[in-house]
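Below, each value reflects all heavy atoms present in this structure, side chains not excepted, and no hydrogens, waters or symmetry copies. Start at 1 with the first residue, then count along the sequence.
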Amino acid sequence: MSLIPKSHPRVKSLLIRKKLVDGFDNGLVAKEGLLAQGRGEAFDYLLGEKTGKNAKFAIRAAVAQLHLAKMPVISINGNVAALCPKQIIKLSKQTKAKLEVNLFYTNEKRKNAIIKTLKNNGGKEILGTNSKNSIKLSGIDSARRIVDKDGIFAADVVVVPLEDGDRTIALRKAGKIVITFDLNPLSRTSQTANITIVDNITRAIDVMISESKKLSKKNPKSLKKIVNDFNNKKNLTENVIQIKNNLSRRAKIA
Ligand code: PTJ
């Protein structure tokens, strides 16, 4: 019997890892998704494995931005489907955001498994499944360039969780506002998004859901103020400082 309580961050981290491994065994997650999880775990450890004040600021701005959006879309990949399908659907309902499956390592069998999981968790309409409605987004080399005409292509705000690469820049060039969840504050996606939530999606998503309930009562002027007061570059720098401080504290203990 383990002496470490279930609420301990290390135990929580192992439970998150198990979700990913189960997601891989159930055909949701790409092999490379396991590596992405490893990268995320390393940064989560350095950040202190909790939702800090910097992440909370970003979450508030992201929720305000989603409530202001005319047509928000949340992009779903294998890792997100394995880690928090129920919560992602809840957030999409609260913010009236559409859901679109968009994979880097594209594969029809995996896509169908992801759609099934989303539907089993309460998802109704899932975009990214009808090839007749597909269109190419320019500036992206990977399979991620294939998007839905009525989804990411038409969106004003796009949430792109857990990915790095050229998509955020391409989406920004297409005039869209991009929100991401990324534990690495230095990744290309983190650095080029409008709002980067530097936190584990499995924790941040619950905070977003409760924040969304609170902000749904605010008027557009107050929501705009929350967005305008948020500075992504500054927030990313604060996250890097947090990592640096955690490192020097740990080095002193050692
Ligand atoms: O399902 P697919 O085919 O679309 O592929 C998805 C993966 C994740 C394999 C693909 O997008 C990928 O390779 O992503 P990267 O380039 O590894 O980037 C993932 C980023 O997410 C890294 O910066 C990680 O630190 C971060 N990350 C990993 N797990 C989490 C996370 N951020 C927040 N919460 C996590 N749980």
Margin query: Apply side chain to side chain donor-acceptor pair (under 3.5 Å) to residues Asn194 and Gln65 and explain how you reach the verdict.
Written below: CA-CA 10 Å; Asn194 298 77; Gln65 188 66 81; over 6 Å; no
Next item on the list: Test Ile74 against Val80 for side-chain contact (heavy atoms from CB on, under 4.5 Å), laying out the working first.
Entry: CA-CA 11 Å; Ile74 304 175; Val80 173; over 6 Å; no
Notebook entry, point to check: Are Met208 and Thr95 close enough, and set up right, to give a side-chain contact (heavy atoms from CB on, under 4.5 Å), and what steps lead you there?
Noted result: CA-CA 10 Å; Met208 275 186 101; Thr95 59; over 6 Å; no
Check: Yes or no on side-chain contact (heavy atoms from CB on, under 4.5 Å) for Leu91 and Gln87, after CA distance, side-chain angles and deciding distance?
Finding: CA-CA 6 Å; Leu91 182 71; Gln87 295 96 318; over 6 Å; no
Checklist line | Residues Leu215, Ile226; criterion side-chain contact (heavy atoms from CB on, under 4.5 Å); working and verdict | finding: CA-CA 10 Å; Leu215 294 193; Ile226 295 171; 3.9 Å; yes
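Here side-chain hydrogen bond (donor to acceptor under 3.5 Å, both in side chains) pairs that include residues 66-78, with residues two or more places apart or in two chains, are His67-Ser212, Ser75-Arg167.
Interatomic distance, OG of Ser210 versus CD of Gln94, reported as 8.5 Å (0.5 Å rounding). With rounding to the nearest 0.5 angstrom, the CG atom of Asp148 is 4.5 Å from the CG atom of Asn133. Rounding to the nearest 0.5 Å gives a distance of 11.5 Å between CD1 of Ile209 and NZ of Lys93. Between atom OG of residue Ser13 and atom NZ of residue Lys18 there is a gap of 14.0 Å, rounded to the nearest 0.5 Å. The distance from atom CD1 of Ile152 to atom CG of Leu171, rounded to the nearest 0.5 Å, is 7.0 Å. Atoms CG and CD1, on Asp150 and Ile135 in that order, are 10.0 Å from each other to the nearest 0.5 Å.
Side-chain atoms of Leu46 and Asn246, non-hydrogen and from C-beta on, never get closer than 4.5 Å to each other. Using a 4.5 Å heavy-atom cutoff, the side chains of Asn239 and Ser190 are not in contact. Proximity of Leu118 to Val101: side-chain heavy atoms (C-beta onward) are separated by under 4.5 Å at one or more points. For the pair Val159/Leu66, a side-chain contact is recorded, criterion being any heavy-atom separation below 4.5 Å from C-beta on. Phe181 has its side chain out of reach of Asp199: every pair of non-hydrogen atoms, C-beta onward, lies at least 4.5 Å apart. Residues Asp156 and Ile177 form no side-chain contact, since every pair of their non-hydrogen atoms from C-beta on lies 4.5 Å or further apart. Under the 4.5 Å side-chain criterion, counting only non-hydrogen atoms from C-beta, Ile76 is in contact with Ile88. Phe57 has its side chain out of reach of Lys234: every pair of non-hydrogen atoms, C-beta onward, lies at least 4.5 Å apart.
In the hydrophobic clustering of ILVMFWY residues, with side-chain heavy atoms under 4.5 Å counting as a link, Val160 and Ile126 come out apart. Linking Ile, Leu, Val, Met, Phe, Trp and Tyr residues whenever their side-chain heavy atoms come within less than 4.5 Å places Leu34 and Ile16 in a single cluster. Under the 4.5 Å side-chain contact rule for hydrophobic residues, Ile197 and Leu47 do not share a cluster. Neither Ile89 nor Leu127 shares a network with the other; the hydrophobic side chains, linked directly or stepwise wherever heavy atoms of I, L, V, M, F, W or Y lie under 4.5 Å apart, form separate groups for each. Under a hydrophobic clustering in which Ile, Leu, Val, Met, Phe, Trp and Tyr are joined whenever their side-chain heavy atoms come within less than 4.5 Å, directly or via other members, Val157 and Val147 fall into different clusters.
In summary, the side chains of Thr117 and Asn120 do not present any donor paired with an acceptor at a separation below 3.5 Å, with no hydrogens or angles considered. A donor and an acceptor atom, one from each side chain of Asp182 and Thr196, are nowhere located under 3.5 Å apart. Looking only at atom types and distance, the side chain of Asn235 has no donor-acceptor partner in the side chain of Asn231 under 3.5 Å away. Under 3.5 Å, the side chains of Glu41 and Gln37 contain a donor-acceptor pair of N or O atoms.
Here Thr192 pairs with nothing under the side chain to side chain donor-acceptor pair (under 3.5 Å) rule; sequence neighbours left out.
In terms of heavy atoms, Val29 sits closest to Ala82 at CG2-CB, 3.5 Å. For the pair Leu183 and Gly40, the tightest heavy-atom approach, listed with the atom from each and the gap, is CD1-O, 3.4 Å. The shortest heavy-atom contact between Ile243 and Pro185 is CD1-CG, 4.1 Å. Scanning all heavy atoms of the two residues, the minimum distance from Ala36 to Asn79 falls at CB-ND2, 4.1 Å. Residues Cys84 and Ile205 share a closest heavy-atom pair of CB-CG2, 4.3 Å. Counting all heavy atoms, side chain and backbone alike, Ala170 lies closest to Ser138 at CB-O, 3.5 Å.
Heavy-atom neighbours of Glu32 CD from other residues, nucleotides or ligands within 6.0 Å: above the threshold of 12.
At a threshold of 4.0 Å, the pair Asp44-Arg203 counts as salt-bridged, since one of the basic side-chain nitrogens sits closer than that to a carboxylate oxygen. Ion pairing of Arg145 with Asp141 is absent here, as no side-chain N (NZ or NE/NH1/NH2) approaches a carboxylate O to less than 4.0 Å.
A distance-only check finds no donor-acceptor pair linking the side chain of Asp166 to the backbone of Ile140 [under 3.5 Å]. Lys233 contributes a side-chain N or O that, together with a main-chain N or O of Gln191, makes up a donor-acceptor pair within less than 3.5 Å. No donor-acceptor distance shorter than 3.5 angstrom exists from the side chain of Glu100 to the backbone of Gly128, with no hydrogens or angles considered. At distances below 3.5 Å, not a single donor-acceptor pair connects side-chain atoms of Asn26 with backbone N or O atoms of Leu28. A donor-acceptor contact shorter than 3.5 Å is absent between the side chain of Thr106 and the backbone of Leu103. A distance-only check finds a donor-acceptor pair linking the side chain of Asn102 to the backbone of Ile146 [under 3.5 Å]. Of the possible polar contacts, one joining the Arg110 side chain to the Tyr105 backbone as a donor-acceptor pair under 3.5 Å is found.
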